[in-house]
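Order of the sequence lines fixes the chain letters, A, B, ..., with proteins taken first and strands second; residue numbering starts at 1 for each chain.
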Amino acid sequence: MQAKNEFPTVNPMVVYREEFDDWAVLFDPDTNETFGLDPVSSFIWKKLDGKHSIEKILNELDKECEGGVPEDAPKHIEEFVSDLKNRGLIGYEQN
Amino acid sequence: MQLMKTPKSLDLNITTKCNLRCSYCSHFSSAGDIETDLPTEEWLQFFEELKECAVLDVCLSGGEPLSRNDIKELINGIVANRMRFSMLSNGTLMNDDILDFIKSTGRCNSIQVSIDGPGPASHDVHRGKGSFEKALRGLKLLLKHKLPATTRVTIHKQNYKDLDAVAELLLEDVGLPSFSTNSASHLGLCKQNSDETQLNADEYSYVIAKLLELNKKYNGRIGAQAGPLASGKHWKEMEETIKSGIKESPGCGYLRSCGGVFSKMAVRADGTMIPCSQIPHIELGKINKDSLREAWINHPELKRLRDRRDIPLKSFEFCRDCNYTAYCRGGCPALAYTLTGDENKPSPDACYRTFLEAGGKLPKSN
């Protein structure tokens, strides 16, 4: 579980590669695994800089989305970030 | 077709030096021949640009990449810039030290060694005396170090009858999971040694039948992206499609054989960016002076090569009265250039009708 003063940050060895439009892939050169990111996931990935809490990312995403984010968005973001952590693609920074 | 913002991978000819002079090498008789290799620092600087462009992997070739004394430094630069790598090698310069090092990086996708025969007779005839033993030793060292070894067999006039024994050596004795094949193609040194190396239609027919037979025996463990096996499979599919009454095959009827210019680029040993290692005469700029991203997106020559996929085969005199155009993609642009002088023409090398007119035959389906 993420502590209140810990903010997610990307693993600097992971490659974020924009391909077409706002779609992207994450590439872990050590495992040779790739993961596809849709435009929303890409938006979130770019905010994982050790300065944004998940709540702050959600607020920024809400502003970007016409009509706001769906009700279950917080749950999905938590799951997405947790999945990234489990795959070693991100870590947490103490602030 | 949408274009990626940067190439996914690059082929890097890091040297023109090679301890062998194989008679069908695709280098040493082309615009890729240059006097001096680029200094280490130039490559290391370029790798930083590749990181900025989020390039995922590079393929190191030459010449013989292991002939560079700074090969470890170059590989360290690749690793530090978040990429993986593969290597095309003649296998003769491998030793425990370099393979231990490569293994320790954890970033090697594959190392390809050329083995052209079951023994020295048909390998050394075009690669030089003693090269078979050294290449086989190199291949076995790769396996000893548990590195991802692959093998390419180049088929020519002196080894095409040896394919049973080659398959036995590589798949049974050495224990490779698979190997790939091609035939001596009209590129580089092969252009001047064509009569002694390239297969005629009868020999090509024999090889197609033999490789299809061996592939059945070995459960598809023999591969090919070009050459007799690839052509044979494609031409058989053509015949079967026509027989089934289908009027055209998806994506065919245009110059669409090669999609390389949509995902890859290459760099010559002198640092000149080029579309592909086999198209070294088209210069797209110099590394560390010109932007890779800019060349990728905007260079008119790359655009011209990408536009070839919209050129209908029927627009060429060569194809006009051919019954196979609706099932054909026109072949390799590099071979089209060396054979016709224009990359944006169909390659006679991949032409089924030309093969048939020269007396070629496909094996009967079982």
Side-chain angles (χ1 to χ4, degrees), chain A residues 6-52 54 57 60-61 64-66 77 80-94, chain B residues 1-10 12 46-60 74-87 101-111 146-150 259-265 291-294 296-297 306:
Chain A
E6 285 184 330
F7 294 156
T9 185
V10 299
N11 175 345
M13 284 314 288
V14 172
V15 179
Y16 170 79
R17 179 179 160 79
E18 291 184 334
E19 297 218 314
F20 307 112
D21 303 322
D22 292 327
W23 291 74
V25 291
L26 296 179
F27 172 63
D28 183 340
D30 287 324
T31 62
N32 204 15
E33 287 182 308
T34 52
F35 308 91
L37 296 184
D38 65 15
V40 174
S41 309
S42 289
F43 179 91
I44 296 167
W45 177 264
K46 288 178 191 171
K47 302 291 174 191
L48 302 177
D49 55 4
K51 293 172 188 155
H52 284 71
I54 289 182
I57 294 170
E60 292 190 13
L61 184 62
E64 286 292 314
C65 296
E66 211 174 303
I77 293 184
F80 175 58
V81 172
S82 165
D83 188 36
L84 292 173
K85 173 76 172 72
N86 291 338
R87 293 175 190 274
L89 301 171
I90 64 163
Y92 286 95
E93 207 157 273
Q94 295 259 340
Chain B
M1 191 161 167
Q2 266 193 306
L3 183 64
M4 295 172 182
K5 293 178 179 175
T6 54
K8 221 173 200 168
S9 56
L10 271 89
L12 308 178
F46 183 57
F47 295 157
E48 290 173 17
E49 185 178 4
L50 297 187
K51 178 186 175 185
E52 293 310 310
C53 289
V55 169
L56 305 185
D57 52 70
V58 293
C59 177
L60 304 177
L74 295 183
I75 290 174
N76 276 333
I78 290 164
V79 169
N81 285 288
R82 307 192 304 190
M83 291 179 284
R84 294 180 69 84
F85 65 95
S86 53
M87 189 184 288
F101 168 77
I102 289 175
K103 180 75 180 170
S104 74
T105 67
R107 296 282 186 86
C108 178
N109 284 334
S110 66
I111 300 182
K146 297 190 173 12
L147 279 160
T150 63
V261 283
F262 288 91
S263 61
K264 294 178 73 170
M265 263 175 71
S291 153
L292 173 76
R293 197 183 291 264
E294 172 65 21
W296 174 254
I297 298 287
R306 287 174 187 139

Neighbourhood of chain B inside residues 12-21 of chain A, taking heavy atoms under 4.5 Å as contact: A:Pro12, A:Met13, A:Val14, A:Val15, A:Tyr16, A:Arg17, A:Glu18, A:Glu19, A:Phe20, A:Asp21
Under 4.5 Å, counting heavy-atom pairs only, tell me which of B:Pro7, B:Cys53, B:Ala80, B:Gly106 racks up the most with chain A. B:Pro7
Kindly check if the number of other-residue, nucleotide or ligand heavy atoms within 6.0 Å of CG (A:Asp83) is above 12? yes
Report which part of B:Asn109 has an atom under 4.5 Å of a heavy atom belonging to chain A: side chain, backbone, both, or neither. side chain
Counting heavy-atom pairs under 4.5 angstrom with chain A, the leader among B:Met83, B:Arg82, B:Lys51, B:Lys5 is B:Arg82
So what's closer than 4.5 Å to chain A heavy atoms on B:Lys8: side chain, backbone, both or neither? both
Would you give the length of the straight line joining atom CG of B:Leu56 to atom CG of A:Asp28, rounded to the nearest 0.5 angstrom? 11.5 Å
Mark yes when over 12 heavy atoms from residues, nucleotides or ligands other than A:Lys85 sit less than 6.0 Å from its NZ; otherwise mark no. no
Nearest-0.5 Å distance that lies between atom CZ in B:Arg84 and atom OG1 in A:Thr31: 7.5 Å
